[in-house]
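Comments concern the structure below.
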Amino acid sequence: EMLASRSNRLFAAFRRDFRCVSIWKNSPDSKHSEPKHPSYRNEATLDNLVACYRTHGHKKARIDPLELTYRRAPEIEDALERVKHLSGKQLLFDDLVFDENLKSGSLDDFVNFLERVYCDRLSLELHHISNEQEKLWLAKEFEQSAAEFRLSLDEKKRIGEQLVFSQTFDTFLGKKFGHVKRYSAEGAESLLPFMSAAVNYAANDGVEHVVVGMPHRGRLNVLVDLFKLPPEVLFYKMQGNSLVPPEFRRDGGDDILSHIAHSVDLNCNGKPIHVTQLPNPSHLEAITPVAVGKSRARQHRLGGKEKVLCILAHGDAAFPAQVHVRVGALFLHCLSSRGLLPRH
């Protein structure tokens, strides 16, 4: 009887509220009626368009470098159809997107910005995140960085030089040391611009030490080009010689080529920074906890967590397991290294 009574009250309240909503929508003279000014309707329509791009923009992102497939997002096409009537009008975009330079303009300006942010070579998928504050924060950071990030001509040339060096370096090693087992950076040449940008941004932000853990692939390219390992040392090792002094060798053994470590002092735009690339064991991503632990130890020794950055490069297969486990441990105070920068 108690449940039946509560159900009757709920249904009665629902009928009353539904009737009020119907009267509110259908009464043209009501003081609470829907605003008729077109700017309100336009803003609501554009707001729906922004939400649609944030939710479905990744579906039509140009992530295929050969562009052999045409990616579509029917949801975005429907949303664009609903705002077609705004074409040719001067519109206000206040607080719709996180771009200080896009406050007003045409519909084409607004759509071009959303296409460039969410449907270009880099995109962002947010729909699976349940926390609305986290989704809004990610959207804000992504849209602001897309609006502010522009590569200068010199930066584009430097990236091109790094990519050409990587390909030329792999071709040279393949011809001169074809008998030596190694893991080239072929297909992963973007690792060099990523590492270079990460170290440069870290130096500009006041970081003094960078600890790098990465797998075998592309390791030699990064060591020689970015971290200034002398090529003659690498060639000496590839000829079958040992880098370990005789008194420290055990049974004449030595580590393999793809486990080479290196430490170097770099100068990035006049700011010194120390980079350590740790030796990588054959069990590829076992280096992850070692790199994070070394970063935490240096932070403790230097007395500042902002002075040390940990960079972890992963293969695609290792990323889901290793990074998720490591990121989960970051929330534990005793294991936290104040964040890390993963790349896969």
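Residue indices begin at 1 and follow the sequence shown.
Within the 4.5 Å cutoff, the side chain of L312 has heavy atoms near those of the V292 side chain. The side-chain heavy atoms of I311 and F194, taken from C-beta on, include a pair separated by under 4.5 Å. Between V97 and V117 the shortest side-chain heavy-atom distance does not fall below 4.5 Å. Contact of the D170 side chain with the R182 side chain is registered, since non-hydrogen atoms from C-beta on lie closer than 4.5 Å.
Scanning all heavy atoms of the two residues, the minimum distance from I273 to A202 falls at CD1-CB, 4.2 Å. In terms of heavy-atom proximity, V224 sits nearest to F165 at CG1-CZ, 4.0 Å. Nearest approach of L226 to S196, heavy atoms of both residues: CD1-N, 3.8 Å. Summarising the geometry of V207 relative to L309, their closest heavy-atom pair is CG1-N, 3.9 Å, with the distance given to 0.1 Å. Summarising the geometry of C268 relative to A203, their closest heavy-atom pair is CB-CB, 3.7 Å, with the distance given to 0.1 Å. Here the closest non-hydrogen pair linking S166 and E189 is OG-CG, 3.6 Å.
Among the candidates V222, V233, L278, L223, the single residue satisfying the side-chain contact (heavy atoms from CB on, under 4.5 Å) test with H262 is L223. Between E77 and the choices K59, R72, K60, the salt bridge (Lys or Arg N to Asp or Glu O under 4.0 Å) rule is met once, by R72.
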#### Entry: Check against side-chain contact (heavy atoms from CB on, under 4.5 Å), N221 and L191
CA-CA 9 Å; N221 307 59; L191 178 65; over 6 Å; no
### Message
Between M195 and V212, does the side-chain contact (heavy atoms from CB on, under 4.5 Å) criterion hold? Intermediate values first, please.
### Response
CA-CA 9 Å; M195 285 288 188; V212 180; 3.7 Å; yes
### Message
Walk me through whether F110 and L91 qualify under side-chain contact (heavy atoms from CB on, under 4.5 Å).
### Response
CA-CA 9 Å; F110 194 62; L91 306 171; 5.9 Å; no
### Message
Could you go through L114 and I76, starting from their C-alpha distance and side-chain angles, then the distance that decides it, and tell me whether this counts as side-chain contact (heavy atoms from CB on, under 4.5 Å)?
### Response
CA-CA 11 Å; L114 294 174; I76 292 180; over 6 Å; no
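Taking OG1 from T55 and NZ from K135, the interatomic distance works out to 6.0 Å, rounded to the nearest 0.5 Å. Note that CD of E125 and NE2 of H56 are 10.5 Å apart. Values are rounded to the nearest 0.5 Å. Rounded to the nearest 0.5 Å, atoms CG (L153) and CD (E155) are 10.0 Å apart. Here the CG-OG distance, from D109 to S104, works out to 9.0 Å after rounding to the nearest 0.5 Å. L49 contributes atom CG, which lies 7.5 Å from atom CG of L107 (distance to the nearest 0.5 angstrom). The CZ atom of R54 sits 12.0 Å away from the SG atom of C52 when rounded to the nearest 0.5 Å.
The hydrophobic clustering, which links ILVMFWY residues whose side-chain heavy atoms are closer than 4.5 Å, places V180 and L220 together.
Between the side chains of S263 and H274, at least one donor-acceptor pair of N or O atoms lies under 3.5 Å.
For the pair R121 (side chain) and R62 (backbone), a donor-acceptor distance under 3.5 Å is present.
Aromatic ring pairs are classed by plane angle as parallel below 30°, tilted from 30° to 60° and perpendicular above 60°; the pair F172 and F235 is tilted.
No salt bridge links R298 with E208; every basic N to acidic carboxylate O contact stays at or beyond 4.0 Å. The pair E81-K84 counts as a salt bridge, with a side-chain nitrogen and a carboxylate oxygen less than 4.0 angstrom apart.
Ring-centre distance between F98 and F142: not below the 6.0 Å cut-off.
For H127, the NE2 atom counts as loosely surrounded, since its 6.0 Å shell holds 12 or fewer non-hydrogen atoms of other residues, nucleotides or ligands. No more than 12 heavy-atom neighbours from other residues, nucleotides or ligands sit within 6.0 angstrom of CD on Q133.
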